[in-house]
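Ligands are counted one by one from 1 in listed order, and the atoms in each one are counted from 1 as well. This structure is a prediction, so every number in the text was calculated from the model and none was measured.
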Amino acid sequence: MIIITFAPNMIVLKNITKQFHQKNREITALSDVSLTVPKGKIYGVIGASGAGKSTLIRCVNLLERPTSGEVIVDGLNLIDLSPAALAKERRQIGMIFQHFNLLSSRTVSENIAFPLELDKVPKEQIQKRVAELLALVGLEDKGKDYPANLSGGQKQRVAIARTLASNPKVLLCDEATSALDPATTKSILTLLKDINKRLNITILLITHEMDVVKSICDEVAVISAGKLIEQGTVSEIFAHPKAELTREFIASSLKINIPETYMERLSPTLTADKKPLLKLEFTGQSVDDPVLSEVSRLFNLNNNIIYAQIEYAGGVKFGAMVIEVSGAQQDSLKAIAYYEEKQIKVEVLGYV
Ligand SMILES: Nc1ncnc2c1ncn2[C@@H]1O[C@H](COP(=O)(O)OP(=O)(O)OP(=O)(O)O)[C@@H](O)[C@H]1O
(Lines give C-alpha, C1' and ligand atoms only; values in the text may rest on other atoms or scores of the structure.)
Protein backbone atom coordinates (compact mmCIF):
# COMPACT_ATOMS: atom_id res chain seq x y z
CA MET A 1 0.00 0.00 0.00
CA ILE A 2 1.31 3.45 -0.89
CA ILE A 3 0.70 6.06 1.77
CA ILE A 4 0.57 9.57 0.36
CA THR A 5 0.97 12.21 3.03
CA PHE A 6 -0.14 15.72 2.23
CA ALA A 7 2.11 18.35 3.72
CA PRO A 8 0.18 21.64 4.13
CA ASN A 9 3.45 23.49 4.56
CA MET A 10 6.02 23.89 1.79
CA ILE A 11 8.97 24.99 3.91
CA VAL A 12 9.54 24.21 7.57
CA LEU A 13 12.73 25.41 9.22
CA LYS A 14 13.16 23.91 12.69
CA ASN A 15 15.60 25.40 15.19
CA ILE A 16 18.16 26.43 12.59
CA THR A 17 21.49 27.62 13.94
CA LYS A 18 24.35 28.53 11.61
CA GLN A 19 27.82 29.35 12.80
CA PHE A 20 30.73 30.44 10.66
CA HIS A 21 34.30 29.92 11.81
CA GLN A 22 36.69 32.63 10.77
CA LYS A 23 40.28 32.24 11.92
CA ASN A 24 39.91 32.35 15.71
CA ARG A 25 36.44 33.91 15.62
CA GLU A 26 33.03 32.23 15.65
CA ILE A 27 30.12 34.10 14.08
CA THR A 28 26.57 33.00 14.85
CA ALA A 29 24.68 34.12 11.74
CA LEU A 30 21.44 32.33 12.71
CA SER A 31 20.35 31.36 16.19
CA ASP A 32 17.53 28.86 16.75
CA VAL A 33 15.41 30.10 13.84
CA SER A 34 12.10 28.33 13.18
CA LEU A 35 9.60 29.30 10.53
CA THR A 36 6.86 27.73 8.46
CA VAL A 37 5.83 28.72 4.95
CA PRO A 38 2.40 27.32 4.00
CA LYS A 39 1.96 26.00 0.45
CA GLY A 40 1.01 28.63 -2.11
CA LYS A 41 1.89 31.59 0.13
CA ILE A 42 4.40 34.42 -0.25
CA TYR A 43 6.51 34.71 2.90
CA GLY A 44 8.87 37.62 3.49
CA VAL A 45 11.79 37.83 5.88
CA ILE A 46 12.81 41.41 6.61
CA GLY A 47 15.94 42.58 8.38
CA ALA A 48 18.76 45.10 8.32
CA SER A 49 22.15 44.46 6.74
CA GLY A 50 24.01 41.65 8.47
CA ALA A 51 20.88 40.35 10.26
CA GLY A 52 21.26 36.90 8.67
CA LYS A 53 18.74 37.06 5.80
CA SER A 54 21.01 35.69 3.06
CA THR A 55 22.26 32.92 5.33
CA LEU A 56 18.67 32.01 6.16
CA ILE A 57 17.46 31.78 2.57
CA ARG A 58 20.60 29.87 1.53
CA CYS A 59 19.88 27.31 4.26
CA VAL A 60 16.57 26.44 2.58
CA ASN A 61 18.28 24.83 -0.43
CA LEU A 62 21.35 23.92 1.64
CA LEU A 63 23.66 26.26 -0.26
CA GLU A 64 24.59 26.82 3.38
CA ARG A 65 24.34 23.73 5.56
CA PRO A 66 22.96 24.66 9.01
CA THR A 67 25.17 23.83 11.99
CA SER A 68 22.05 22.36 13.58
CA GLY A 69 18.33 22.17 12.89
CA GLU A 70 16.06 20.71 10.24
CA VAL A 71 15.15 21.93 6.76
CA ILE A 72 11.94 20.32 5.53
CA VAL A 73 10.71 21.12 2.03
CA ASP A 74 7.38 19.65 0.94
CA GLY A 75 7.54 17.09 3.72
CA LEU A 76 11.12 15.96 3.01
CA ASN A 77 13.99 16.62 5.41
CA LEU A 78 16.77 17.81 3.06
CA ILE A 79 19.49 17.40 5.70
CA ASP A 80 19.18 13.60 5.52
CA LEU A 81 19.32 13.30 1.73
CA SER A 82 22.18 11.78 -0.25
CA PRO A 83 23.98 14.23 -2.58
CA ALA A 84 22.12 12.78 -5.60
CA ALA A 85 18.71 13.00 -3.92
CA LEU A 86 19.49 16.55 -2.74
CA ALA A 87 20.47 17.60 -6.28
CA LYS A 88 17.10 16.27 -7.51
CA GLU A 89 15.16 18.14 -4.81
CA ARG A 90 17.11 21.34 -5.46
CA ARG A 91 15.81 21.41 -9.04
CA GLN A 92 12.37 22.00 -7.55
CA ILE A 93 13.65 24.96 -5.52
CA GLY A 94 14.30 27.91 -7.81
CA MET A 95 16.31 30.92 -6.72
CA ILE A 96 16.69 34.45 -8.04
CA PHE A 97 19.28 36.97 -6.92
CA GLN A 98 19.80 40.71 -6.56
CA HIS A 99 22.35 40.75 -9.40
CA PHE A 100 20.47 38.34 -11.69
CA ASN A 101 23.45 35.93 -12.30
CA LEU A 102 22.83 35.59 -16.06
CA LEU A 103 25.40 34.12 -18.43
CA SER A 104 26.65 37.08 -20.46
CA SER A 105 27.86 34.98 -23.41
CA ARG A 106 24.39 33.47 -23.94
CA THR A 107 21.33 35.12 -25.44
CA VAL A 108 18.17 35.55 -23.40
CA SER A 109 16.67 32.36 -24.92
CA GLU A 110 19.90 30.43 -24.33
CA ASN A 111 19.98 31.58 -20.70
CA ILE A 112 16.42 30.36 -20.17
CA ALA A 113 17.21 27.10 -22.00
CA PHE A 114 20.28 26.41 -19.85
CA PRO A 115 18.67 24.35 -17.03
CA LEU A 116 16.66 22.39 -19.63
CA GLU A 117 19.86 21.56 -21.54
CA LEU A 118 21.43 20.33 -18.29
CA ASP A 119 18.34 18.12 -17.83
CA LYS A 120 18.84 16.80 -21.39
CA VAL A 121 15.38 17.88 -22.54
CA PRO A 122 14.97 17.37 -26.34
CA LYS A 123 15.71 20.47 -28.46
CA GLU A 124 12.19 20.99 -29.89
CA GLN A 125 10.71 20.75 -26.41
CA ILE A 126 13.23 23.32 -25.14
CA GLN A 127 12.29 25.74 -27.93
CA LYS A 128 8.61 25.44 -27.11
CA ARG A 129 9.16 25.87 -23.37
CA VAL A 130 11.46 28.89 -23.85
CA ALA A 131 8.83 30.59 -26.03
CA GLU A 132 6.20 29.95 -23.32
CA LEU A 133 8.46 31.34 -20.61
CA LEU A 134 9.40 34.42 -22.64
CA ALA A 135 5.69 35.14 -23.01
CA LEU A 136 5.05 34.51 -19.32
CA VAL A 137 7.61 37.15 -18.28
CA GLY A 138 6.67 39.57 -21.07
CA LEU A 139 9.89 39.33 -23.11
CA GLU A 140 8.58 37.75 -26.34
CA ASP A 141 10.71 40.04 -28.52
CA LYS A 142 13.97 39.78 -26.56
CA GLY A 143 14.91 36.12 -27.08
CA LYS A 144 17.86 36.88 -29.34
CA ASP A 145 19.25 39.77 -27.27
CA TYR A 146 22.23 39.46 -24.92
CA PRO A 147 21.90 40.33 -21.20
CA ALA A 148 24.21 43.35 -21.61
CA ASN A 149 21.56 44.99 -23.81
CA LEU A 150 18.75 44.62 -21.28
CA SER A 151 17.56 46.86 -18.45
CA GLY A 152 17.80 45.62 -14.85
CA GLY A 153 14.11 44.75 -14.78
CA GLN A 154 14.37 42.81 -18.05
CA LYS A 155 17.42 40.92 -16.71
CA GLN A 156 15.44 39.92 -13.62
CA ARG A 157 12.59 38.74 -15.88
CA VAL A 158 15.07 36.51 -17.73
CA ALA A 159 16.35 35.15 -14.41
CA ILE A 160 12.77 34.42 -13.31
CA ALA A 161 12.00 32.66 -16.62
CA ARG A 162 15.20 30.59 -16.34
CA THR A 163 14.25 29.55 -12.81
CA LEU A 164 10.71 28.63 -13.85
CA ALA A 165 12.03 26.46 -16.71
CA SER A 166 12.46 23.52 -14.31
CA ASN A 167 8.90 23.89 -12.95
CA PRO A 168 9.96 24.55 -9.35
CA LYS A 169 7.47 24.31 -6.51
CA VAL A 170 9.38 26.89 -4.48
CA LEU A 171 10.94 30.18 -5.51
CA LEU A 172 13.56 31.74 -3.24
CA CYS A 173 14.12 35.44 -3.86
CA ASP A 174 17.34 36.87 -2.45
CA GLU A 175 16.82 40.67 -2.46
CA ALA A 176 15.46 40.25 -6.01
CA THR A 177 14.38 43.88 -6.39
CA SER A 178 17.11 45.65 -4.40
CA ALA A 179 19.07 46.70 -7.51
CA LEU A 180 15.97 48.07 -9.28
CA ASP A 181 14.31 51.49 -9.33
CA PRO A 182 10.87 51.85 -7.68
CA ALA A 183 8.79 51.51 -10.88
CA THR A 184 10.72 48.43 -12.05
CA THR A 185 10.54 46.97 -8.52
CA LYS A 186 6.78 47.32 -8.69
CA SER A 187 6.56 45.52 -12.04
CA ILE A 188 8.80 42.64 -10.86
CA LEU A 189 6.76 42.28 -7.65
CA THR A 190 3.58 42.18 -9.75
CA LEU A 191 5.16 39.44 -11.87
CA LEU A 192 6.12 37.43 -8.77
CA LYS A 193 2.59 37.72 -7.39
CA ASP A 194 1.21 36.64 -10.76
CA ILE A 195 3.52 33.60 -10.85
CA ASN A 196 2.54 32.72 -7.28
CA LYS A 197 -1.16 32.83 -8.13
CA ARG A 198 -1.09 31.37 -11.64
CA LEU A 199 1.44 28.60 -11.09
CA ASN A 200 0.78 28.11 -7.36
CA ILE A 201 4.48 28.46 -6.57
CA THR A 202 5.36 29.11 -2.92
CA ILE A 203 7.68 32.10 -2.57
CA LEU A 204 10.13 32.84 0.24
CA LEU A 205 11.78 36.21 -0.14
CA ILE A 206 14.26 38.22 1.87
CA THR A 207 14.32 41.98 1.80
CA HIS A 208 15.31 45.05 3.77
CA GLU A 209 12.30 47.00 2.46
CA MET A 210 8.90 46.92 4.14
CA ASP A 211 7.38 48.15 0.85
CA VAL A 212 8.17 44.74 -0.68
CA VAL A 213 6.47 42.95 2.22
CA LYS A 214 3.52 45.32 2.04
CA SER A 215 3.06 44.81 -1.70
CA ILE A 216 3.09 41.05 -2.07
CA CYS A 217 3.63 39.04 1.12
CA ASP A 218 0.99 37.04 2.97
CA GLU A 219 3.21 36.42 5.98
CA VAL A 220 6.33 38.05 7.34
CA ALA A 221 9.11 37.44 9.85
CA VAL A 222 11.46 40.08 11.24
CA ILE A 223 15.06 39.02 11.75
CA SER A 224 17.62 40.83 13.88
CA ALA A 225 21.12 39.64 14.82
CA GLY A 226 20.36 36.10 13.64
CA LYS A 227 17.12 35.73 15.60
CA LEU A 228 13.51 35.90 14.43
CA ILE A 229 12.03 38.52 16.72
CA GLU A 230 8.48 38.59 15.36
CA GLN A 231 6.42 36.71 12.78
CA GLY A 232 2.84 36.50 11.63
CA THR A 233 0.46 37.36 8.82
CA VAL A 234 1.10 40.73 7.20
CA SER A 235 -2.22 42.02 8.55
CA GLU A 236 -1.38 40.91 12.13
CA ILE A 237 2.08 42.44 12.01
CA PHE A 238 0.94 45.74 10.52
CA ALA A 239 -2.03 45.93 12.89
CA HIS A 240 -0.22 44.97 16.11
CA PRO A 241 3.55 45.18 15.78
CA LYS A 242 5.18 44.15 19.05
CA ALA A 243 8.89 44.67 18.58
CA GLU A 244 10.29 48.19 18.26
CA LEU A 245 12.25 47.10 15.16
CA THR A 246 9.02 45.96 13.49
CA ARG A 247 7.49 49.37 14.19
CA GLU A 248 10.55 51.01 12.69
CA PHE A 249 10.26 48.93 9.51
CA ILE A 250 6.57 49.83 9.23
CA ALA A 251 7.35 53.52 9.78
CA SER A 252 10.11 53.32 7.15
CA SER A 253 7.54 52.38 4.54
CA LEU A 254 5.73 55.67 5.18
CA LYS A 255 7.28 58.64 3.54
CA ILE A 256 6.44 61.56 5.81
CA ASN A 257 6.97 64.91 4.12
CA ILE A 258 7.00 67.96 6.33
CA PRO A 259 6.58 71.15 4.26
CA GLU A 260 9.73 73.31 3.89
CA THR A 261 8.06 76.30 5.58
CA TYR A 262 7.59 74.21 8.73
CA MET A 263 11.09 72.72 8.60
CA GLU A 264 12.58 76.24 8.43
CA ARG A 265 10.65 77.35 11.53
CA LEU A 266 11.15 74.10 13.49
CA SER A 267 12.98 74.69 16.77
CA PRO A 268 14.03 72.08 19.38
CA THR A 269 12.90 74.32 22.26
CA LEU A 270 9.48 75.49 23.34
CA THR A 271 8.98 79.24 23.68
CA ALA A 272 5.78 81.20 24.41
CA ASP A 273 5.06 81.91 20.72
CA LYS A 274 5.63 78.33 19.51
CA LYS A 275 3.41 75.25 19.18
CA PRO A 276 4.42 71.56 19.31
CA LEU A 277 4.66 69.65 16.02
CA LEU A 278 3.73 66.01 16.70
CA LYS A 279 4.17 62.91 14.58
CA LEU A 280 1.56 60.24 15.29
CA GLU A 281 1.95 56.66 14.05
CA PHE A 282 -1.22 54.61 13.80
CA THR A 283 -1.51 50.85 13.55
CA GLY A 284 -4.38 48.42 14.03
CA GLN A 285 -7.45 49.74 15.77
CA SER A 286 -6.04 53.19 16.52
CA VAL A 287 -6.24 54.07 12.84
CA ASP A 288 -10.05 53.90 12.99
CA ASP A 289 -10.50 55.81 16.26
CA PRO A 290 -11.55 59.47 15.92
CA VAL A 291 -8.70 60.46 18.25
CA LEU A 292 -8.02 63.93 16.89
CA SER A 293 -11.52 65.16 17.58
CA GLU A 294 -11.56 63.36 20.97
CA VAL A 295 -8.32 65.06 22.00
CA SER A 296 -9.57 68.39 20.75
CA ARG A 297 -12.75 68.07 22.82
CA LEU A 298 -11.21 66.56 25.96
CA PHE A 299 -8.23 68.89 26.27
CA ASN A 300 -9.46 72.02 24.55
CA LEU A 301 -6.80 71.84 21.83
CA ASN A 302 -6.80 72.68 18.14
CA ASN A 303 -5.07 70.20 15.86
CA ASN A 304 -3.89 71.43 12.49
CA ILE A 305 -3.04 68.51 10.17
CA ILE A 306 0.19 69.26 8.29
CA TYR A 307 0.67 65.89 6.63
CA ALA A 308 -1.12 62.55 6.71
CA GLN A 309 -0.61 59.21 5.02
CA ILE A 310 -2.77 56.14 5.43
CA GLU A 311 -1.70 52.89 3.73
CA TYR A 312 -3.12 49.40 3.39
CA ALA A 313 -1.26 46.12 3.87
CA GLY A 314 -2.81 42.68 4.16
CA GLY A 315 -6.24 44.32 4.41
CA VAL A 316 -5.41 46.55 7.40
CA LYS A 317 -4.86 50.27 7.54
CA PHE A 318 -1.84 51.93 9.08
CA GLY A 319 -0.35 55.34 8.75
CA ALA A 320 1.20 58.46 10.16
CA MET A 321 0.23 62.06 10.62
CA VAL A 322 2.02 65.28 11.49
CA ILE A 323 -0.04 67.81 13.44
CA GLU A 324 0.52 71.29 14.84
CA VAL A 325 -1.11 71.59 18.27
CA SER A 326 -2.48 74.87 19.63
CA GLY A 327 -3.47 75.20 23.28
CA ALA A 328 -2.07 75.26 26.81
CA GLN A 329 1.20 73.37 27.31
CA GLN A 330 -0.13 71.13 30.11
CA ASP A 331 -3.08 70.19 27.87
CA SER A 332 -0.68 69.20 25.05
CA LEU A 333 1.12 66.92 27.51
CA LYS A 334 -2.20 65.37 28.54
CA ALA A 335 -3.02 64.83 24.86
CA ILE A 336 0.32 63.04 24.30
CA ALA A 337 -0.44 60.73 27.23
CA TYR A 338 -3.91 60.09 25.77
CA TYR A 339 -2.48 59.15 22.36
CA GLU A 340 -0.04 56.75 24.03
CA GLU A 341 -2.88 55.20 26.00
CA LYS A 342 -4.58 54.55 22.64
CA GLN A 343 -1.45 52.71 21.37
CA ILE A 344 -0.51 55.57 19.06
CA LYS A 345 3.21 56.24 18.89
CA VAL A 346 3.87 59.95 19.44
CA GLU A 347 7.03 61.85 18.64
CA VAL A 348 7.52 65.55 19.35
CA LEU A 349 9.32 66.68 16.20
CA GLY A 350 9.96 70.14 17.62
CA TYR A 351 8.18 73.46 17.97
CA VAL A 352 6.95 75.83 15.26
N1 LIG B 1 30.67 32.73 4.68
C2 LIG B 1 30.69 33.46 5.79
N3 LIG B 1 31.74 33.43 6.62
C4 LIG B 1 31.77 34.15 7.75
N5 LIG B 1 30.78 34.95 8.16
C6 LIG B 1 29.69 35.03 7.38
C7 LIG B 1 29.59 34.31 6.15
N8 LIG B 1 28.39 34.59 5.58
C9 LIG B 1 27.78 35.47 6.41
N10 LIG B 1 28.55 35.72 7.49
C11 LIG B 1 28.21 36.60 8.63
O12 LIG B 1 26.93 36.23 9.10
C13 LIG B 1 26.15 37.38 9.46
C14 LIG B 1 24.87 37.39 8.65
O15 LIG B 1 25.19 37.62 7.27
P16 LIG B 1 24.10 37.61 6.10
O17 LIG B 1 24.82 37.83 4.82
O18 LIG B 1 23.26 36.40 6.22
O19 LIG B 1 23.24 38.89 6.49
P20 LIG B 1 22.18 39.69 5.60
O21 LIG B 1 21.05 40.01 6.50
O22 LIG B 1 21.86 38.93 4.37
O23 LIG B 1 22.97 41.00 5.24
P24 LIG B 1 22.93 41.86 3.86
O25 LIG B 1 21.55 42.42 3.75
O26 LIG B 1 23.97 42.92 4.12
O27 LIG B 1 23.30 40.93 2.76
C28 LIG B 1 27.06 38.57 9.21
O29 LIG B 1 27.68 38.91 10.42
C30 LIG B 1 28.07 38.06 8.22
O31 LIG B 1 29.28 38.75 8.33
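- Inclusion of Ser49 in the set of residues having an N or O under 3.5 Å from an N or O of ligand 1 is warranted.
- When hydrogens are left out, the protein atom nearest atom 16 (P) of ligand 1 is Thr55 OG1, 3.6 Å; that is the closest non-hydrogen contact.
- Checking atom 31 (O) of ligand 1 against the protein gives no heavy-atom contact under 4.0 Å.
- Contacts of Ile27 with ligand 1, taken as heavy-atom pairs under 4.0 Å, involve the side chain alone.
- When each of Arg162, Arg129, Arg106 is tested with Glu117 by the rule salt bridge (charged side-chain N to carboxylate O under 4.0 Å, His left out), just one qualifies, namely Arg106.
- In this model, no donor atom of one side chain and acceptor atom of the other lie less than 3.5 Å apart for Gln156 and Gln154.
- Checking atom 2 (C) of ligand 1 against the protein gives a heavy-atom contact under 4.0 Å.
- Distances between N or O atoms of Phe20 and those of ligand 1 include no value under 3.5 Å.
- At most 12 heavy atoms of other shown residues, nucleotides or ligands fall within 6.0 angstrom of atom NZ in Lys41.
- In this structure, atom 19 (O) of ligand 1 lies nearest to the protein heavy atom Gly52 N, 3.2 Å.
- Counting heavy atoms from C-beta on, the side chains of Leu278 and Tyr339 come closer than 4.5 Å.
- Given atom 27 (O) of ligand 1, the protein heavy atom at minimum distance is Ser54 OG, 3.8 Å.
- Using modelled atom types, one finds no donor on one side chain facing an acceptor on the other under 3.5 Å when comparing Thr55 with Glu64.
- Close to ligand 1: Ala48, with a non-hydrogen atom less than 4.0 angstrom away.
- Note that Lys18 lies in the cation-pi zone of Phe20, set by a 6.0 Å cut-off to the ring centre and a 45° limit from the axis.
- With hydrogens left out, the protein atom closest to atom 25 (O) of ligand 1 is Lys53 NZ, 2.9 Å, a heavy atom.
- The nearest heavy-atom contact from the protein to atom 12 (O) of ligand 1 is Ala29 CB, 3.3 Å.
- More than 12 heavy atoms of other residues, nucleotides or ligands shown are found within 6.0 angstrom of NZ on Lys39.
- Among all non-hydrogen protein atoms, the one lying nearest atom 28 (C) of ligand 1 is Gly50 O, 3.9 Å.
- The closest approach between a heavy atom of Ala51 and any atom of ligand 1 is below 4.0 Å.
- Annotation: cation-pi geometry not satisfied between Arg247 and Phe249 (NZ/CZ under 6.0 angstrom from ring centroid, within 45° of ring axis).
- Near Gln22, the atoms of ligand 1 lying under 4.0 angstrom from a non-hydrogen atom of the residue are 4 (C).
- Not a single donor-acceptor pair under 3.5 Å links the side chain of Thr163 to the backbone N or O of Gly94.
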